[in-house]
Structure formats: structure tokens, C-alpha cells
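What you see is a predicted model; the values in this text were computed from it and never measured.
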Amino acid sequence: LNIILSAYRQPGPFSLDLASAVLRQMNFVEKMVNLGFTEQARWEEDHDTLTRCVVRYHHFLDLMGSTQGNFVVPTLDIDLAWHTHQLLCDSYRKLKDVIGIVPDHDDKVGQGALSDAYDKTAEAWKARFGVPYSICGCLPPDSSSGSSGSSFSLFSKKGKSKSTPEKPIENPRPDLLSPSDEAAEQTHPSDHHAVAIINPGEPNAAQAQLRRKELGKRAKELGKAVEKGKADQWGEVMHKRAVDHTPSFLCPVQYGV
């Protein structure tokens, strides 16, 4: 009911802020282009990526249904499947019978709430399915496996880690996660609602700064774990990918919220 009523509370003649919506979706489409997802005949040749995308979306729905009342944040590949599913209106409405809700794809959530919700989503995913939610280079709080005691991180301490032979990654869920570098960015958090502008407001800039500090703290923890040989296999992968990776949820202003 609140969703329906919100359409009538929107200032102006339209049920939503069209300019803001276009900017957010333009940001999302740009990310799909950068991933190569819009290339002609891409999906005719790459069946593994498409299959994994759909399987991850199904598991995302399962997670959503099992944590009703909590806001879950998709990765880019999952968000693509989510956008696509919404075009199939009859099928999408039937989710009420499958997971108990019809998901509201709200892309106007503030950066602070979104980053916190993503951390919780990543933790819940790891606990439920046994593999990391994302290995693009962004990091959840503490999602180490086994007794390694490591966190996924973004930065490393150069020049101190010991050189060890490469070991093949033991991946118990190849249907949910690929360790390949090519697939890494597909699991980047989807934050297409955020558009940076000049002179961000003080509260939004402060939130972004707090997020940077938190990422730096997690980074140091992982760096120490890698140096001591205590990082698990996924943590080591994240450590290597973090160097040139741009984290999500650091855009200081969300447009049209």
C-alpha cells in the first residue's frame, strides 16, 4: 500500500522523478556495457556466465525469502537477472507464492544504509551457501572460512608477503562463483543509484569518509593475515585483486533521493 501511495505523493505530474530514474538506469547500463554484457552474440557464446547469473539470482531470492524484513543488496550479475525478471510481470508476481513476497527493487536507498545492508547480505550469503558473495576486490566485514581468521580486504602491504606457489582454488560451488579474473567484476556490488555531483552535502561526504576508514581497517587485517599465512584461499584472491579495484558505496551523493 505504501508503494502505491508513494506514487501519488511525488511532486509534479509524474509518479516518480523521471530525471533521477534515468540517471540511475544510465549508470546501470554503463556498468553492463563495461562488463561486455551488451556485446552482440555475447550470450550465444558464453553460456557459463549466463547460467551462473541466473543461478545466483535464484539463490538471492532464496536469501531474500529467508531474511524477510531485511534489505538485501544485489551484485551486478544478480541485478541484471533481477531487472530482466521484472519485465516478465506474471512470473514476477508469482514470487509471492514462492518466497512469500514480491520484491521491491528500490534503487533510491541512501549510501550509508546500502553499504550496511550489503555487508549483512554478504555475511548471510556466506553463512547460507558456503562461498563468498563477491570476490571482485570489495570486501565484506569478516567472511573468512574455516579457522583462518582472515577478512576479505581491499589493499595490501607491498613488499612483505612471502612468495608461495600458486595453488588451485578449491571451489565447492562453481555454480555460484567463478575464481577467474574475467568473472570477478560481475560480482561487484550494484550501486547504480549513486551519481556523484559537485559540492556534496556534508552528511553524505561524512558517510563516504567513514566507509573509507572502515575499508582501510579491514584492509590492514587482511594484509596481516596474508603475511602470516593465515588468510584463506578467497582472502588471498581478494588481496591480489584489491590493488587496482575501485570499491562501491564511496560516492558522496545519491541523486534524487
Side-chain angles (χ1 to χ4, degrees), residues 31 34-35 56 73-78 111-174 176-191 194 196 205-252:
K31 293 178 186 298
N34 292 339
L35 288 173
R56 279 170 60 84
V73 180
T75 53
L76 290 174
D77 55 351
I78 291 173
Q111 284 286 71
L114 197 66
S115 61
D116 291 343
Y118 172 75
D119 286 346
K120 293 177 181 177
T121 301
E123 289 180 317
W125 179 282
K126 179 69 180 296
R128 191 168 181 84
F129 305 124
V131 291
Y133 188 42
S134 171
I135 53 172
C136 61
C138 291
L139 56 154
D142 181 68
S143 302
S144 57
S145 62
S147 59
S148 63
S150 68
S151 303
F152 293 136
S153 186
L154 188 63
F155 309 102
S156 64
K157 294 182 178 180
K158 297 182 179 179
K160 293 187 178 181
S161 58
K162 297 179 180 179
S163 177
T164 56
E166 291 288 336
K167 297 180 181 179
I169 292 179
E170 297 179 5
N171 184 7
R173 295 299 304 269
L176 292 181
L177 196 65
S178 170
S180 71
D181 292 336
E182 183 181 4
E185 284 299 313
Q186 298 166 12
T187 66
H188 188 72
S190 185
D191 62 346
Q207 282 186 346
Q209 184 61 27
L210 286 174
R211 183 68 179 178
R212 289 190 183 93
K213 289 182 179 180
E214 174 62 23
L215 293 179
K217 178 181 178 181
R218 298 177 192 177
K220 290 180 180 179
E221 291 177 356
L222 178 67
K224 292 178 181 178
V226 170
E227 287 179 358
K228 296 178 180 179
K230 295 182 178 180
D232 65 15
Q233 58 180 357
W234 298 113
E236 291 177 356
V237 169
M238 293 289 283
H239 185 265
K240 294 177 181 178
R241 289 178 177 165
V243 178
D244 298 320
H245 186 72
T246 301
S248 288
F249 314 124
L250 294 183
C251 177

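- The closest donor-acceptor contact from the side chain of Asn171 to the backbone of Leu177 lies under 3.5 Å.
- Closest approach of Thr187 and Cys136 over heavy atoms only: OG1-N, 3.6 Å.
- Side-chain contact between Tyr118 and Ser134: present, with at least one pair of heavy atoms (C-beta onward) separated by less than 4.5 Å.
- Of the options Val73, Asp119, Ile78, a side-chain contact (heavy atoms from CB on, under 4.5 Å) to Tyr133 is made by Ile78 and by none of the others.
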### Message
Walk me through whether His188 and Thr75 qualify under side-chain hydrogen bond (donor to acceptor under 3.5 Å, both in side chains).
### Response
CA-CA 5 Å; His188 188 72; Thr75 53; over 6 Å; no

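- With rounding to the nearest 0.5 angstrom, the CD atom of Glu185 is 8.0 Å from the OG1 atom of Thr246.
- For Val237, the side-chain contact (heavy atoms from CB on, under 4.5 Å) test picks out Ile169, Arg241, with sequence neighbours left out.
- Gln233 and Glu170 get closest at one heavy-atom pair: NE2-O, 2.6 Å.
- The pair Asp181-Lys240 fails the salt-bridge criterion, with no side-chain N (NZ, NE, NH1 or NH2) lying under 4.0 Å from an Asp/Glu carboxylate O.
- Gln186 pairs by the side chain to side chain donor-acceptor pair (under 3.5 Å) definition with nothing, not counting sequence neighbours.
- Here the closest non-hydrogen pair linking Asp77 and Arg56 is OD2-NE, 2.7 Å.
- Considering only residues two or more places apart in sequence or on other chains, Glu182 meets the salt bridge (Lys or Arg N to Asp or Glu O under 4.0 Å) condition with none of them.
- Across every non-hydrogen atom of Leu114 and Ser190, the tightest pair is CD2-O, 4.5 Å.
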